[in-house]
Structures are given as C-alpha cells and as structure tokens.
Engineer: 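Pasting in a structure now, in structure tokens, and then I'll have a few things to ask.
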Amino acid sequence: MSISFLLTLFITSSLSSLSAYAQLLRFSHSSKHDASLSFLVLGDWGRRGAFNQSQVAFQMGKVGERLDIDFVVSTGDNFYDNGLISEHDNAFAESFTKIYTAESLQKQWYSVLGNHDYRGDAEAQLSPVLREMDSRWLCLRSFIVDSELVDIFFVDTTPFVEKYFTEPQKHKYDWGGIGPQKPYITNLLKDLELALKESRAQWKIVVGHHTIRSVGHHGDTQELVEKLLPILQANNIDFYMNGHDHCLEHISDTESPIQFLTSGAGSKAWSGDLQQMNRRGLNFFYDGQGFMSVQLTQTHATIEFYDVFGNVLHTLASSKQPHSFM
C-alpha cells in the first residue's frame, strides 16, 4: 500500500466516519476474490529483536506466506520498555521495520496502544511521520477495519485501568491526548456500542490490549469485565483478541458465545506464570513465545496458535450460517 494511498485513506475515512461513529474512524480493507480473509495477530513484541522476537517474526513470515495473509493485527505494547521517545525514535526501525522483513509481512499493520506504549510519547505512534517511514504502520487509539466479511473494532483499553491513574508507581503515563478519563471512556463505549449495533458484518471481532479473561500473570481486567464485556455480550461479538499477558490463550465465555483469545507472546514470555483463580472456560494456555493466525470465510473461522518454531499448538474452529438481512 503506497504512502499517498494510505494518507488519502486516512483523511477520507476521517471525514466519512465522524458523523456516524464520532471518534471511531473506519478503514476499508477488501477481502480476497473468493471473499475469504486471513491475518496474523501479534502482541507485546517490540524489543529490538531480543527475547526471541526475531525468531517469532521469522515464523510469522512463513505462516503469512502459506496463508497469503491480508494484514497483521498488533494487540499493543508495541515498543518496550516505555514506548517511543518521539516519532524519530530509532526503536521504531529497530523493533519493527528491521525485524518484520519477510515479504509476506509487507502488508498493512493495524495496531492499538498498550500500557507500555502510554509510558512513552503515545502520540508518536499515532503520527503520520511513522507511516512515511514505513507505510505498513497504522496505529490509532480506537478505530474500525471493515472488510465486509468482518468488522474489527480496535479499542483503546489502557485508559480504563484505574491503577495507571491512581497508583502509577515510578511510571509516567502520557494521557495528554485523551483528556479527562471518565468522559473519554464514556464516549468511547457509547461510540463502540453504536458501531457494534449498526454492524452488518458476518463476523465481529474486538481487539484491545488488555485481557478481559485470562489465567496469565495479569488475570482478568476487572474494569473491562464491568464496563466493556456487557456491551460485547449484548452485540453478538464472536472474538475478543488481546495481548498484555505474555502468553497464548483461549478461553470461552460462560455466558455468551464470545471466545477470548490472547496473543501477547511476541517476544518476552513469562514461563510458569499461571493464575490458579477463575479458570472457567479455559481451553488452552501456553507460556512461551508465539503468535496467532485467523482465517475467515462466510461460514467458517479457523484460528491457530503457533510457537516460536512454527508448530501449531491449538486450533479453534467456528462456524455459522450466513446473515440474511431484510
């Protein structure tokens, strides 16, 4: 995708989306000619190639070629330990451009911010300057990717977490772009709920950095359980995809068809860090590095989890009848 086309897309989407979706910009990404779509999901990765980041990237390239992926989704914590210093930080090239070099990964990357990204210059990752350096990069706080087959709703989850405001410890968070916390969250949830209700896509996926359900290090994010999950359950979401916990994970919601999928193993993983509480619906957990692939058609979804060697560790297969709207 050329720089000029991407910037035109950004401007056009901004103007066309504001009236219907307020702050949620909409980006169109066409499916394949056979109406299928495939992409990779990666989280918690940017460490200049260390902690097996380069090895994960290598396997992503192989899987991406085999599946002929359409794009890559990043679930946040894109640059460690404290985001980017500025839009000219060389960590962008050293942790992204120079790492994900496989031909199959030269596709659009859709990214959200994680809590570590907010510890640096959060606005830098949203800057068009980065897209001029590497046209694959697109990171916004919250937005929608629309391929007709699927609507993917990217949600900025870091401002939901109270302890980042009340107990930041030694960390400094860049809240400059969001304004007061409570109105920001209220408006975001309202915009998201409207967009979900109006979606006519066959599949609905929500992407955020933080877990809703997890048995990993951080466990469940209570603020999302209370504020975000009821909206997802009420609007027929198929999958919630996240990072934050440095593992691979699949948990089924016990009160709805939602599947919680963690892909936060893009580099440093936490071996043996498994919570004993709230294991309801747990289908799969892996405490090493890896990533996830998603393949969608009108009637089937296939999601696979891979380790750092490219082995398939777990497969989720889901099916549904095509929508019929009057």
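Everything numeric here is computed off the predicted structure, so don't read it as measured data. The residues of the chain are indexed from 1 along the displayed sequence.
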Engineer: Spell out, yes or no, whether Val308 and Trp270 are grouped together once hydrophobic residues are joined by side-chain heavy atoms under 4.5 Å, including indirect joins.
Structural biologist: no
Engineer: For the residue pair Val41 and Val294, what are the closest heavy atoms and their distance?
Structural biologist: CG2-CG2, 4.0 Å
Engineer: With respect to Arg47, which candidate in Asn52, Asp77, Asp81 satisfies the side chain to side chain contact (heavy atoms under 4.5 Å, CB included) definition?
Structural biologist: Asp81
Engineer: Please give me the minimum heavy-atom distance between Ile251 and Glu249, naming the atom from each residue.
Structural biologist: CD1-OE2, 3.6 Å
Engineer: Taking all atoms of both residues into account, what is the closest heavy-atom pair of Gly288 and Ala269, and its distance?
Structural biologist: C-CB, 3.7 Å
Engineer: Assess whether ring pair (Phe, Tyr, Trp, His ring centres under 6.0 Å) is satisfied between Trp137 and Phe79, documenting all intermediate values.
Structural biologist: CA-CA 13 Å; Trp137 184 256; Phe79 302 99; 5.7 Å; yes
Engineer: Check whether any side-chain heavy atom of Leu105 lies under 4.5 Å from a side-chain heavy atom of Ile69, and answer yes or no.
Structural biologist: yes
Engineer: Does Val56 form a side-chain contact (heavy atoms from CB on, under 4.5 Å) with Ser267? I'd like the steps, not just the answer.
Structural biologist: CA-CA 7 Å; Val56 172; Ser267 57; over 6 Å; no
Engineer: Output all residues satisfying side-chain contact (heavy atoms from CB on, under 4.5 Å) with Asn242, sequence neighbours left out; order by chain, then residue number.
Structural biologist: Thr211, Tyr240, Thr262
Engineer: Val155, Ile185: one ILVMFWY side-chain cluster at the under-4.5 Å cut-off?
Structural biologist: yes
Engineer: Side-chain donor-acceptor pair under 3.5 Å between Tyr306 and Glu304, yes or no?
Structural biologist: yes
Engineer: Quick one: are the ring centres of Tyr286 and Phe305 less than 6.0 Å apart?
Structural biologist: no
Engineer: Take atom NZ of Lys62 as the centre, draw a 6.0 Å sphere, and report whether it contains more than 12 heavy atoms from other residues, nucleotides or ligands.
Structural biologist: no
Engineer: Walk me through whether His210 and Thr221 qualify under side chain to side chain donor-acceptor pair (under 3.5 Å).
Structural biologist: CA-CA 7 Å; His210 290 77; Thr221 304; 5.8 Å; no
Engineer: Considering only heavy atoms from C-beta outward, does the side chain of Leu138 approach that of Phe27 to under 4.5 Å?
Structural biologist: yes
Engineer: Applying ring-ring contact (aromatic ring centres under 6.0 Å, His included) as the test, list every pair that has at least one member in residues 175-201; sequence neighbours left out.
Structural biologist: Tyr118-Trp175, Phe165-Trp175, Tyr173-Trp175
Engineer: Can you confirm whether Ile303 sits close enough to Met292 that some side-chain heavy atom of one is under 4.5 Å from a side-chain heavy atom of the other?
Structural biologist: yes
Engineer: Distance from Asp273 atom CG to His246 atom NE2, nearest 0.5 Å?
Structural biologist: 10.5 Å
Engineer: Is a donor from one side chain sitting under 3.5 angstrom from an acceptor on the other, for Glu148 and Ser31?
Structural biologist: no
Engineer: Could you grab the distance from atom CG of Asn78 to atom CD of Gln125, nearest 0.5 Å is fine?
Structural biologist: 5.0 Å
Engineer: Between Ile99 and Phe51, is there shared hydrophobic-cluster membership here, with clusters defined by ILVMFWY side-chain heavy atoms closer than 4.5 Å?
Structural biologist: no
Engineer: Charged N to carboxylate O under 4.0 angstrom, Asp134 versus Arg136?
Structural biologist: yes
Engineer: Shortest non-hydrogen contact from Phe239 to Ile237?
Structural biologist: O-CG2, 3.4 Å
Engineer: Would Tyr80 and Val112 show up in the same hydrophobic cluster when neighbours are defined by side-chain heavy atoms closer than 4.5 Å?
Structural biologist: no
Engineer: Taking side-chain contact (heavy atoms from CB on, under 4.5 Å) as the definition, give me every residue that meets it alongside Asn283, ordered by chain and number, with sequence neighbours left out.
Structural biologist: His250, Ser252, Gln259, His314
Engineer: Set out, in order, the CA-CA distance, both residues' side-chain angles and the distance that settles side-chain contact (heavy atoms from CB on, under 4.5 Å) for Asp70 and Lys107, then state yes or no.
Structural biologist: CA-CA 7 Å; Asp70 297 282; Lys107 305 290 178 68; over 6 Å; no
Engineer: Tell me which pairs pass salt bridge (charged side-chain N to carboxylate O under 4.0 Å, His left out) where either residue lies in residues 207-221, with sequence neighbours left out.
Structural biologist: Arg213-Asp220
Engineer: After noting the C-alpha distance and the side-chain angles of Glu162 and Gln181, does the key distance pass the side-chain contact (heavy atoms from CB on, under 4.5 Å) rule?
Structural biologist: CA-CA 9 Å; Glu162 289 291 338; Gln181 179 197 19; 3.4 Å; yes
Engineer: How about Ser38 and Lys32: do any of their side-chain heavy atoms sit closer than 4.5 Å?
Structural biologist: yes
Engineer: Let me check something: do Leu67 and Trp109 share a hydrophobic cluster, defined by ILVMFWY side-chain heavy atoms less than 4.5 Å apart, either directly or through other members?
Structural biologist: yes
Engineer: Main chain of Asn236, side chain of Lys204: is a donor-acceptor contact present, judged purely on distance under 3.5 Å?
Structural biologist: no
Engineer: Taking only residues two or more places apart in sequence or in another chain, which ones pass side-chain contact (heavy atoms from CB on, under 4.5 Å) with Asp89?
Structural biologist: Arg48, Leu84, Ile85, Ala91
Engineer: If we only count heavy atoms from C-beta on, is the Ile258 to Val206 side-chain gap below 4.5 Å?
Structural biologist: no
Engineer: Please name the pair of heavy atoms, one in Ala124 and one in Leu130, separated by the smallest distance, quoted to 0.1 Å.
Structural biologist: O-CD1, 3.2 Å
Engineer: Decide yes or no on side-chain contact (heavy atoms from CB on, under 4.5 Å) for His209 and Leu113, but give the supporting numbers first.
Structural biologist: CA-CA 7 Å; His209 176 64; Leu113 297 172; over 6 Å; no
Engineer: Atom OG of Ser111 and atom CZ of Phe96: how far apart are they, to the nearest 0.5 Å?
Structural biologist: 6.5 Å
Engineer: What residues, two or more places apart in sequence or in another chain, satisfy side-chain contact (heavy atoms from CB on, under 4.5 Å) together with Glu65?
Structural biologist: Ser104
Engineer: State, with a plain yes or no, whether a side-chain heavy atom of Leu192 is found less than 4.5 Å away from one of Leu228.
Structural biologist: yes
Engineer: Is any side-chain heavy atom of Lys197 closer than 4.5 Å to a side-chain heavy atom of Leu194?
Structural biologist: no
Engineer: Looking at Phe284, I'd like to know if its CZ atom is crowded, meaning that more than 12 non-hydrogen atoms belonging to other residues, nucleotides or ligands lie closer than 6.0 Å.
Structural biologist: yes
Engineer: To the nearest 0.5 Å, what is the distance between CZ on Phe143 and CG on Leu25?
Structural biologist: 9.0 Å
Engineer: Can you measure from CG (Leu232) to CD (Glu193) and round to the nearest 0.5 angstrom?
Structural biologist: 10.0 Å
Engineer: Indicate the ring-plane relationship of His218 and His244, choosing parallel, tilted or perpendicular according to the 30° and 60° boundaries.
Structural biologist: parallel
Engineer: What pair of heavy atoms forms the shortest contact from Arg26 to Asp151, and how long is it?
Structural biologist: NH1-OD1, 3.6 Å
Engineer: Please answer whether the main-chain N or O of Pro183 pairs with a side-chain N or O of Asn187 as donor and acceptor at a distance below 3.5 Å.
Structural biologist: yes
Engineer: Could you measure the distance from the OG1 atom of Thr299 to the CD atom of Gln202? Nearest 0.5 Å is fine.
Structural biologist: 8.0 Å
Engineer: With heavy-atom distances below 4.5 Å as the criterion, would you say the side chains of Leu42 and Tyr100 are in contact?
Structural biologist: yes
